[in-house]
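So the structure is just underneath, and the comments pick up after that.
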Amino acid sequence: MIALVRMRLAGFVRGGRALAPSILGLVVLGVIYGGGSSTAGPAYGYSAVMLFPVLAWQTKLVLDAEPDGQRRLARLSVGSRREAAAGVLTAAVLGLVFCFVAMLAPVPFHAIRGPLAGSREPALATGVALGVLAHLLALAAALGLGALASRAVTRTIRNGLTVLVVGRCWPWCSVSRARSLPGWSRR
């Protein structure tokens with residue numbers, strides 16, 4: 001299975017499919033952290049939320065990078081479960097690398113600061129730990145959404161794109177509708 005993961009990683013990176021989500025992710029990180037300093041918890045939380053669709057898209061691209069004939073051959077040689085697990089593992093490895101970059105991205109911008117003197121803000125280490133947790137949770141959800149949007153599940157690119165868009169927008173629509181219900185008013 002390690003050989004299949006290495007083959008998928010090489011095909012994804014050498015084929016140029018890694019370029020688009022990487023550029024978009026770096027632009028998003030630059031916009032997030034280029035505006036000034038903030039405490040670590042909110043900054044990393046916002047980063048995780050904004051990188052979720054990029055990670056889901058990257059997962060879909062990783063799982064769709066192989067031609068269908070090559071995917072069938074891999075399923076015959078290692079089995080369908082191991083082939084699917086190798087694809088998700090490949091996407092997870094790339095996602096972990098991207099999350100690591102996202103955790104280091106505020107350093108050149110000086111965008112993360114410690115708590116102000118006399119404030120009740122959490123310590124820097126607490127914010128960083130919460131940021132790591134937020135990025136890992138976003139990665140897990142993005143792996144699930146990207147796997148559901150892959151061509152192996154949806155069969156067409158149009159259906160996969162629909163799954164990605166609806167999967168990204170559905171939580172926002174649900175929360176905004178729930179806030180309009182009685183008892184969810186802001187005070």
Side-chain angles (χ1 to χ4, degrees), residues 5-66 84-112 127-154 156-176:
V5 169
R6 287 179 45 206
M7 181 191 74
R8 283 192 169 192
L9 276 171
F12 183 69
V13 173
R14 289 183 185 163
R17 292 180 185 239
L19 195 59
S22 299
I23 290 173
L24 178 63
L26 291 174
V27 166
V28 167
L29 290 173
V31 168
I32 289 172
Y33 294 128
S37 64
S38 175
T39 57
Y44 284 135
Y46 189 64
S47 165
V49 168
M50 294 306 293
L51 288 179
F52 169 74
V54 177
L55 292 170
W57 179 38
Q58 178 177 306
T59 300
K60 180 189 178 340
L61 289 178
V62 167
L63 296 175
D64 290 349
E66 286 182 314
V88 173
L89 183 61
T90 304
V93 166
L94 286 168
L96 284 172
V97 169
F98 205 87
C99 287
F100 182 73
V101 169
M103 292 298 292
L104 293 180
V107 173
F109 294 104
H110 304 287
I112 301 295
V128 170
L130 289 174
V132 168
L133 178 64
H135 279 89
L136 291 178
L137 290 174
L139 176 61
L143 287 173
L145 181 61
L148 283 176
S150 70
R151 200 173 63 238
V153 175
T154 60
T156 64
I157 295 173
R158 180 191 66 210
N159 293 344
L161 182 62
T162 303
V163 168
L164 276 179
V165 170
V166 170
R168 174 58 177 140
C169 296
W170 188 261
W172 284 355
C173 297
S174 300
V175 168
S176 65

Report yes if some heavy atom in the side chain of [X] is under 4.5 Å from a heavy atom in the side chain of [Y]; otherwise report no.
| X | Y | answer |
| --- | --- | --- |
| Ile157 | Asp64 | no |
| Pro53 | Leu164 | no |
| Leu63 | Arg8 | yes |
| Leu29 | Phe109 | no |

For [X] and [Y], work out which heavy atoms get closest and say how close.
| X | Y | result |
| --- | --- | --- |
| Tyr33 | Ala111 | O-CB, 3.4 Å |
| Ala48 | Ala138 | O-CB, 3.6 Å |
| Val62 | Ala91 | CG1-N, 4.0 Å |
| Pro21 | Leu61 | CG-CD1, 3.8 Å |
| Lys60 | Ala149 | CE-O, 3.4 Å |
| Thr90 | Ala86 | OG1-O, 2.7 Å |

How many angstroms lie between [atom1] in [X] and [atom2] in [Y], if you round to the nearest 0.5 Å?
| X | Y | atom1 | atom2 | answer |
| --- | --- | --- | --- | --- |
| Leu143 | Leu55 | CG | CG | 8.0 Å |
| Phe100 | His135 | CZ | NE2 | 12.0 Å |
| Arg17 | Leu19 | CZ | CG | 12.5 Å |

Would you check if the side chain of Thr162 reaches a backbone N or O of Arg158 as a donor-acceptor pair within less than 3.5 Å?
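Checking the backbone N and O of Arg158 against the side chain of Thr162, a donor-acceptor pair under 3.5 Å is found.
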Does any N or O in the side chain of Tyr44 come within less than 3.5 Å of the main-chain N or O of Val128, such that one atom is a donor and the other an acceptor?
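No, Tyr44 side chain to Val128 backbone: no donor-acceptor pair under 3.5 Å.
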Which of these passes side-chain contact (heavy atoms from CB on, under 4.5 Å) with Leu139: Leu96, Leu94, Thr59, Leu51?
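Exactly one candidate clears the test, Leu96.
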I'd like to know if the side chain of His110 pairs up with that of Ser37 as donor and acceptor (distance under 3.5 Å, no hydrogens or angles considered).
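Looking only at side-chain atoms, Ser37 and His110 do not form any donor-acceptor pair under 3.5 Å.
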